There are 4 protein chains.
Amino acid sequence: MEAIIQAAAQLLTDIGFEGLTTARVAERAGVSVGSLYQYFPNKQGLAAALVDHHAEKFSAAFSQTVEASGHGTLAETVEAMIEVAMAAHPQDPKLYRALNELAPRYRAEKVQEVGSRIAAIIKEQLARHRHEIAPDLDLGDAAALIEILLENVIHRAIERHPVSVSGERAMDQCRRMIMAYLTSGQRHAA
Amino acid sequence: MEAIIQAAAQLLTDIGFEGLTTARVAERAGVSVGSLYQYFPNKQGLAAALVDHHAEKFSAAFSQTVEASGHGTLAETVEAMIEVAMAAHPQDPKLYRALNELAPRYRAEKVQEVGSRIAAIIKEQLARHRHEIAPDLDLGDAAALIEILLENVIHRAIERHPVSVSGERAMDQCRRMIMAYLTSGQRHAA
Amino acid sequence: MEAIIQAAAQLLTDIGFEGLTTARVAERAGVSVGSLYQYFPNKQGLAAALVDHHAEKFSAAFSQTVEASGHGTLAETVEAMIEVAMAAHPQDPKLYRALNELAPRYRAEKVQEVGSRIAAIIKEQLARHRHEIAPDLDLGDAAALIEILLENVIHRAIERHPVSVSGERAMDQCRRMIMAYLTSGQRHAA
Amino acid sequence: MEAIIQAAAQLLTDIGFEGLTTARVAERAGVSVGSLYQYFPNKQGLAAALVDHHAEKFSAAFSQTVEASGHGTLAETVEAMIEVAMAAHPQDPKLYRALNELAPRYRAEKVQEVGSRIAAIIKEQLARHRHEIAPDLDLGDAAALIEILLENVIHRAIERHPVSVSGERAMDQCRRMIMAYLTSGQRHAA
DNA sequence: GATGAATGAGTTTTCATTCAT
DNA sequence: TATGAATGAAAACTCATTCAT
């Protein structure tokens, strides 16, 4: 039931993972607990479905937008990736936080899978600009690093962590770091 | 009681946070539940103490080693920071994961505080090499970004996430990214 | 659940309030603890329901009988009130005692409310015989005093307190006191 | 230890019987729990001592004052008894309430004993005025009834029960009832 | 004697899950 | 298929009491 997942997400936003009980989810969804168990094998299953739902949502948004906007220069592509990554995350910090609590616990593989997907998309984009990128740079490594950076700069921003460069500046710095990394030669190796 | 924290860490490693009950911690520590509650106000308090313990351990290791090794070039300093960050994390993935589950839930402020501390240390080191760094780069922003990158590249490595550049290569890339970022000029701005 | 209240009353009679645990009540009622908590918010709620149950029972018995038998002389009416007050109390001293322990703790308002109700009924009866009562006597004051006297003479009788006039004599004296009070003039004022 | 009983009484006043733990009593008394158990066999013993302490205090105050002031008329004697009964009760409603919770639970016999003592004193006083009292009245019965009335009118007043005649009026009515009872002949018998 | 850390049985309460209707 | 009352294992936490120092 779609409604059940919606209800779970709402409750996650409203009261967090602590108070998320099957009874409350069912009530909010307007069905009985019994019905909930008709659609999900157990609470873990519900949590997994919820994580999957949002992971897919993010993944789809990211891939669509990045692929759609993929015609400009390398700089423009990087810019686009940063923007869509920001936009595609749940903007409500409470929901974001709760999902981050759920995800590694109930759906570690999914998290990895989506991470891989995002990295693959980034790699594809980088490949389209191979000539602008330092030739000795492995695109897989680069994509991985960029994915990590993107995800976690955004994480900090959403959590309003004091150690973060906020808003616009954060994105500027992020872009700068990525561009410098992609275009610099080997000269800095130890 | 030191023994209780040790027991809690052990259980965290062995069975994860799910099964962490006050009774089990007390049993493992060889004391009674009552004694546990004599030293910690409640379960949260125990979790917080556990998080603090490891956070302090990491923070101390990082600051000591970085400050001790602070005499070389910028590249050497960055190298040192990467190495110590890697070395100072709990190497057991299970314990690492469990602490990462506990930390934001029971000790969000501590997490932020330690993050700030690490960033401050990084900034100090960067300041010592101001002349080697692009003059238009804000050192605070740079330190924040480096801290995020370091923490999460290591996170991925410990979690054996497929989207990560493992071991040596990861560190190479990380260093490359940081060095490129620090030494490149503005030319890449959009 | 009616059965749960019955079980609680039984346990109160058998083992007193000290050993009254939710688990035991549930067991005695033949249901699970979970069911108990489906019907009562917590232990206090159960205690309150129990007190209310008996308070209402007493209140109803008193008001019905007194109002039904309200046709005789003042002396007969007083007689009736004494008799019904005696008859309507829980006759098992253990239950009576336990309820008296519970009532002020968990349902002070209810106790007062029922007291007020009884007093109001008494006042009504007195009003019906206004001409037989000393004209300078405030009927509200008189009803209050009579209610206190009735309740506590019965209390002593049930508790088998040595300072009490037992059984028939107690009632005789009680009636005598009430009648003397109601019909005497002011002459005794200090 | 006198200090322990004082501490228990204070805690009873401050936080009620619910939160009265041996540890808190010991702390408030400035001794260790161990010492508490040196002077009292267990918690019940402490409670019993506390009840006894206050019961004796009341009993002594009542008997002394009544016996001291026993020279006037019957009306004056009754007046004196009412006054001293009021004055000798713990005036803090919280302490009064808490003691009333403790007394029947831990010291039923003491309660009865003190009741008997008070009744005996009253009877003695009545005997001194035998000629003013209806000759067919049993002085034991009369003392018992008066004791009940006194105790519970005061009880209501302290509890601020709505069914009570407050302050001065309460005492006036009480006196009137007692005097009417003592001096009226049999004529009111049913 | 005095101390107070240690004990652990016992309480209340929650909540995922089942199953008769 | 949907319901939701019933279940009961499990958890957190308390506190009277002991006893080694």
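Computed from a prediction, not measured in an experiment: that's the story for all the values here. When reading the values below, keep in mind they use all heavy atoms of this one structure, side chains included, and skip hydrogens, waters and symmetry mates. Residue numbering restarts at 1 for every chain, and letters A, B, ... go by the order of the sequence lines.
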Tell me which nucleotide among F:dT7, E:dA5, E:dA6 gets nearest to the side chain of B:Ser32.
E:dA6
Parallel, tilted or perpendicular: which one describes the rings of A:His155 and A:Tyr96, with boundaries at 30° and 60°?
tilted
Under 4.0 Å, heavy atoms only, any strand: does D:Tyr39 hit a base, just the sugar-phosphate, or nothing?
sugar-phosphate
Provide, to the nearest angstrom, the distance between the CD atom belonging to A:Gln38 and the P atom belonging to F:dT1.
6 Å
Nucleotide F:dT1, atom P - distance to CG of A:Leu36 in whole Å:
15 Å
Of B:Asn42 and C:Met1, whose closest DNA chain F nucleotide lies nearer the 5' terminus?
C:Met1
May I ask you to decide if D:Leu11's main-chain N or O and D:Arg28's side chain share a donor-acceptor pair within less than 3.5 Å?
no
Quick one: D:Lys43 NZ to F:dT14 P, roughly how many Å, whole number?
14 Å
Beyond-backbone contact of C:Leu102 with C:Leu12, side-chain heavy atoms, under 4.5 angstrom
yes
Whole-Å distance separating the CD atom of B:Glu27 from the C1' atom of F:dC13:
17 Å
Using whole Å, what does the distance between atom P of nucleotide E:dC15 and atom CD of A:Glu18 come to?
10 Å
Would you say D:Arg117's side chain and D:Ser59's backbone share a donor-acceptor pair under 3.5 angstrom?
no
With a 4.0 Å limit, can you tell me whether D:Thr22 has a side-chain N or O closer than that to the phosphate oxygens OP1/OP2 of F:dC15?
no
Both C:Gly34 and B:Ser35 contact DNA chain F. Which one's nearest nucleotide lies toward the 5' end?
C:Gly34
So which one's nearest nucleotide on DNA chain E is more toward 5', C:Arg24 or A:Gly19?
C:Arg24
Inter-residue atom distance D:Arg97.CZ - C:Arg105.CZ, 0.5 Å rounding:
12.5 Å
How many whole angstroms separate atom CG of D:Leu46 from atom P of F:dT17?
10 Å
Sugar-phosphate only, base, or nothing, as touched by A:Thr21 at under 4.0 Å among non-hydrogen atoms
sugar-phosphate
Kindly point out which of E:dG1, E:dT14, F:dC13 is positioned nearest to the side chain of C:Tyr37?
E:dT14
So what does C:Leu20 touch, heavy atoms closer than 4.0 Å: a base, only the sugar-phosphate, or nothing?
sugar-phosphate
Atom CD1 of A:Ile4 and atom P of F:dT3 are separated, to the nearest Å, by 10 Å
Is the shortest heavy-atom distance from the side chain of C:Arg107 to the side chain of C:Glu113 under 4.5 Å?
no
Using side-chain contact (heavy atoms from CB on, under 4.5 Å) as the criterion, point out the one residue from B:Val25, B:Ile5, B:Leu50 that pairs with B:Phe40.
B:Ile5
Quick one: the dot-bracket string of DNA chain F, using Watson-Crick and G-U wobble pairs with both distances under 3.5 Å, [ ] for crossing pairs and | for bases paired to another strand.
.||||||||||||||||||||
